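Remember, predicted model here, so these are calculated numbers, not experimental data. Remember, it's 1-based here, ligands and their atoms both numbered in the order they're listed.
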Amino acid sequence: MTEHTYPQTKQVLNQAVADIYKAISIIRQAHWYMRGQGFLYLHKQMDKLIDGLDGHLDELSERLIMLGGAPYSTLKEYDQVSQLVEVEGSFEVPMAERLNRLVDLYEYLATLYRQGLAVTDEENEAVANGLFADALADAEKVSWMLKAELSR
Ligand SMILES: [Fe+2]
């Protein structure tokens with residue numbers, strides 16, 4: 001492990017740290033601000049999504065440290081590095097629009113995780129590769145579930 005530096009792997013791991021952190025913030029907003037049909041289970045479901053992402057966040061950031069990297073750890077860095085876009089909280093967003101935004105969020109994450117798979121494959125970093133595979137499996141499952149809820 002020490003004879004390699006894995007530059008691209010470290011970069012994509014840190015991108016994932018920033019993006020997942022910001023994704024959690026966006027989902028927490030949905031948890032707090034949602035109103036409408038499905039609230040009683042969707043409100044709780046948001047907590048499960050947050051727990052899932054938080055697990056990947058911790059695994060990916062700790063792998064980054066093991067490879068000699070330094071994970072972003074401030075709100076400012078997360079905001080500057082992540083391409084995810086936050087909007088001010090509003091109770092007026094229709095439930096379907098809120099869920100559609102979450103589908104977009106998870107598709108963004110899935111694309112990032114696929115980049116992580118490609119880069120870790122290229123640099124032959126099998127552990128991070130496995131972490132990205134796990135995260136991708138979750139992201140695709142959540143996208144599928146959200147779309148099924150939306151009859152998409
Ligand atoms: Fe809560």
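- For the Fe ion (ligand 1), the neighbouring protein N/O/S atoms at less than 2.8 Å, given as residue and atom, are H31 NE2.
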| request: Could you go through the salt bridge (Lys or Arg N to Asp or Glu O under 4.0 Å) check for E123 and K10 one step at a time? | output: CA-CA 10 Å; E123 292 186 341; K10 285 192 266 194; over 6 Å; no
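- Relative orientation of the Y113 and H56 rings is tilted, given thresholds of 30° and 60° on the angle between their planes.
- Between the S82 side chain and the D79 main chain, no donor and acceptor come within less than 3.5 Å of each other.
- Rounded to the nearest 0.5 angstrom, I26 CD1 and L102 CG are separated by 8.5 Å.
- The closest side-chain heavy-atom distance from E107 to K147 is below 4.5 Å.
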| request: Kindly indicate, with the supporting measurements, whether the criterion ring-ring contact (aromatic ring centres under 6.0 Å, His included) is fulfilled by F91 and Y33. | output: CA-CA 5 Å; F91 296 108; Y33 277 80; 4.5 Å; yes
